[in-house]
Amino acid sequence: MNRVILAINAGSSSIKFQAFATEGVVGAGDNLERRVSGLLEGIGSQPRLLIKDGAGATLRNDNLSQAAAPSVEAGEGIVGDWLQSDDAARLIGGPIGAIGHRVVHGGADFSAAAQIDDAVLARITALTHLAPLHQPKNLAPILAWRQRRPDLPQIACFDTAFHRGHAEVAERFAIPEALYLEGVRRYGFHGISYEFIAEKLTEVAPAIARGRVIVAHLGNGCSLCAMQDGRSVDSTMSFTALDGIPMGTRPGAIDPGVVLYLMREKGMDAAALEKFLYHQCGLKGMSGISNDVRVLEASTEPQARLALDHFVYRIAKEIGALAAVLQGIDALVFTAGIGENGADLRARIVAASSWLGLSLDADANAARRTDLSKSATGPRVLMIPTDEELMIARHTRRVLAL
Ligand code: AMP
C-alpha cells in the first residue's frame, strides 16, 4: 500500500502543501511521486485556494472571502479540512503516513531534520524570538496536526540546518564571545532550497556538484550560498533573514548605525524597526512602487530603474565576496521566483560578474534551459527550479526510514 508523506510549507501569507506517494515509484531511492500540490495564498487579504494533481492539472481554483482566512492559523484549518476530505483521499490514493514541515529557524541546536516530540517542539518554540515573523506561522500547522492526528509522526525540516557546518570564522560576528555562546551567530537560511539544488546538481552536473558553486536563491526572500562539494560554506543571510542582499521588502545588510539613527532621530522602537526592516525596505521601499520585479521592470519611473540597478549591483558584489571565500567558482546557479523567471535580471547579474569568466547564452536564457552558459569552457551558469516541498518529503522519509 502507498504510504503518503505530506509536506507543509507555511509562510507569512501563504501555505504550500504537497502529498507524495512513497511506493510504486520508478527509480525508488529518494524519488517520491507527487500526487497533489496545493497553495492557499493571499491569507489576510484575498485568499485563494489552488489545488493541482500530480501532473500539474488544476483541480480547484477558489477565491475565498477574506473572513474565511484572516490568519495563517485560520488558513491552516481550511487546508487541514481539505486534506482530510474524501476529495483529497481519492487524489492522494493512500493514508497519510507522516508530515514534514518547513521550520525557518533551527538555531544552533538542529543540524538535521528532526522528529517532533514535546522536547523538540519546546526547542523550536523557544527560537521564535530569532524569527518572530516566520516561526509562529511554521508552528501553526505542527500544533494543529498534533491535535488533529496525534498518531502521525511529524518532522521539522530547518532552513538553517544545511548551513550548520560553516567554519567558525564564517559563523562569527566580530562581537564578544558571550553573545556567540548564547546564539548570536551567522546561521544562514533557505537551506531546504539549497540542499535540493545540491542534490539536483549531482544528477544534472555531477562534476560541478563536487566543485565550487554559488547558488542565488532569488524569490520574495533573497540570499546567496557558497557551496563546496555540495556543502554550504557561507551564505549572505546570517542571524536573521534580514542580512545579505536586498529583497522584495527587506534591505539586506545595512550599517547598524542606520538602525541607531532610526532609534534616536525617528524614535523607532523594536516593533517599529521590525516592521520597517521586514516590510518597508528593499525593492518596495527603494522604488516606492512595488516589491515585484515584474512591476518594476514594466515601470518607466526612474526610482523603479534605480531599485533594480541597486539589486543587481549588490548581488554582483556579494557573488564576488563568495567567490573570494571559494577561491574561484565553477558554477553560478539561479533559482526561486526571480532566479527562475527573471531572464533580464539573470542576464544583468551575469554581465556584472563576467570578470569571473561567467557568460550567458541569450537564447538559452530566454528558453529557460538548465545550462545558460555561452562559453563551452570555464564556469557554468545554470538555472535550476527549486523544490522545497520535495526536499521536505525526502527528509521526512529519511528520518522515519519509510
Ligand atoms: P518566490 O518567493 O520564489 O515565490 O518568488 C516570488 C518572486 O518572484 C516575486 O516577488 C516576483 O518578483 C518574482 N517573479 C515571478 N515571476 C517573475 C518574472 N517573470 N520575472 C521576474 N520576477 C518574477
Side-chain angles (χ1 to χ4, degrees), residues 7-18 37-43 45-46 48 50 52 56 72 102 104 131 133-134 137-138 159 189-197 200 215-225 235-237 241-242 244-252 278-299 301 303-312 314-315 333-350 360 362 365-369 372 383-392:
I8 298 183
N9 181 351
S12 50
S13 66
S14 70
I15 301 172
K16 293 180 194 159
F17 54 98
Q18 301 200 358
S37 69
L39 168 70
L40 178 63
E41 63 176 0
I43 293 171
S45 54
Q46 293 174 308
R48 188 171 71 111
L50 187 67
K52 296 182 177 182
V72 170
R102 177 187 182 199
V104 163
L133 304 183
H134 291 99
K137 318 288 183 200
N138 304 153
D159 264 322
F189 297 87
H190 290 139
I192 298 168
S193 172
Y194 290 130
E195 192 169 7
F196 175 81
I197 299 292
K200 191 75 184 175
V215 184
H217 178 109
L218 308 177
N220 272 320
C222 299
S223 71
L224 306 176
C225 179
S235 188
T236 54
M237 278 181 172
L242 284 174
I245 54 180
M247 307 168 219
T249 59
R250 291 170 248 169
Y278 277 97
H279 298 297
Q280 296 171 352
C281 295
L283 294 172
K284 184 179 177 191
M286 238 187 132
S287 67
I289 296 171
S290 174
N291 62 321
D292 194 317
V293 164
R294 289 165 290 192
V295 175
L296 298 180
E297 285 181 336
S299 169
E301 293 296 323
Q303 293 309 312
R305 169 76 14 213
L306 180 64
L308 290 173
D309 289 351
H310 180 75
F311 187 63
V312 171
R314 293 273 299 276
I315 292 170
V333 182
F334 288 99
T335 195
I338 300 168
E340 292 166 28
N341 302 300
D344 215 51
L345 278 182
R346 280 198 302 260
R348 294 185 62 191
I349 292 164
V350 172
L360 195 77
N365 189 38
R368 303 181 73 236
R369 291 206 200 102
L372 311 178
M383 192 283 286
I384 300 179
T386 195
D387 196 336
E388 290 168 296
E389 286 72 30
L390 179 55
M391 195 67 233
I392 291 168

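We number each residue from 1, following the sequence as shown. This structure is a prediction, so every number in the text was calculated from the model and none was measured. Note that ligands are numbered from 1 as they come in the structure, with each ligand's atoms numbered from 1 the same way.
Considering only non-hydrogen protein atoms, atom 13 (C) of ligand 1 sits nearest to Ile338 CG1, 3.4 Å. At the top of the distance list for atom 10 (O) of ligand 1, counting protein heavy atoms only, stands Asn220 OD1, 3.3 Å.
Of the options Leu218, Ile384, Thr386, a side chain to side chain contact (heavy atoms under 4.5 Å, CB included) to Glu340 is made by Thr386 and by none of the others.
In this structure, Phe334 and Ile349 have side chains that are in contact, with non-hydrogen atoms separated by less than 4.5 Å. The side-chain heavy atoms of Glu41 and Ser13, taken from C-beta on, include no pair separated by under 4.5 Å.
A donor-acceptor contact shorter than 3.5 Å is absent between the side chain of Arg250 and the backbone of Ile245. Side-chain N or O atoms of Asn220 include none that pairs as donor or acceptor with a backbone N or O of Gly248 at under 3.5 Å. Remark: the backbone N or O of Arg102 is not paired with any side-chain donor or acceptor of Asn9 at under 3.5 angstrom.
If you number the atoms of ligand 1 from 1 as listed, the ones under 4.0 Å from a heavy atom of Gly219 come out as 1 (P), 2 (O), 3 (O), 5 (O).
In terms of polar-atom proximity, defined here as any N/O pair under 3.5 Å, Gly337 does make such a contact with ligand 1. Residue-to-ligand polar distances place Asp292 within reach of ligand 1: an N/O pair is separated by less than 3.5 Å. Here's the thing with Glu297: none of its N/O atoms is less than 3.5 angstrom from an N/O atom of ligand 1. Taking only nitrogen or oxygen atoms, main chain and side chain alike, Val293 reaches within less than 3.5 Å of ligand 1.
For atom 16 (N) of ligand 1, the nearest protein heavy atom is under 4.0 Å away.
Environment of CD in Gln280: crowded, with over 12 heavy atoms of neighbouring residues, nucleotides or ligands closer than 6.0 Å.
When Leu296, Asn291, Asn341 are checked for heavy-atom proximity to atom 19 (N) of ligand 1, Asn341 turns out nearest.
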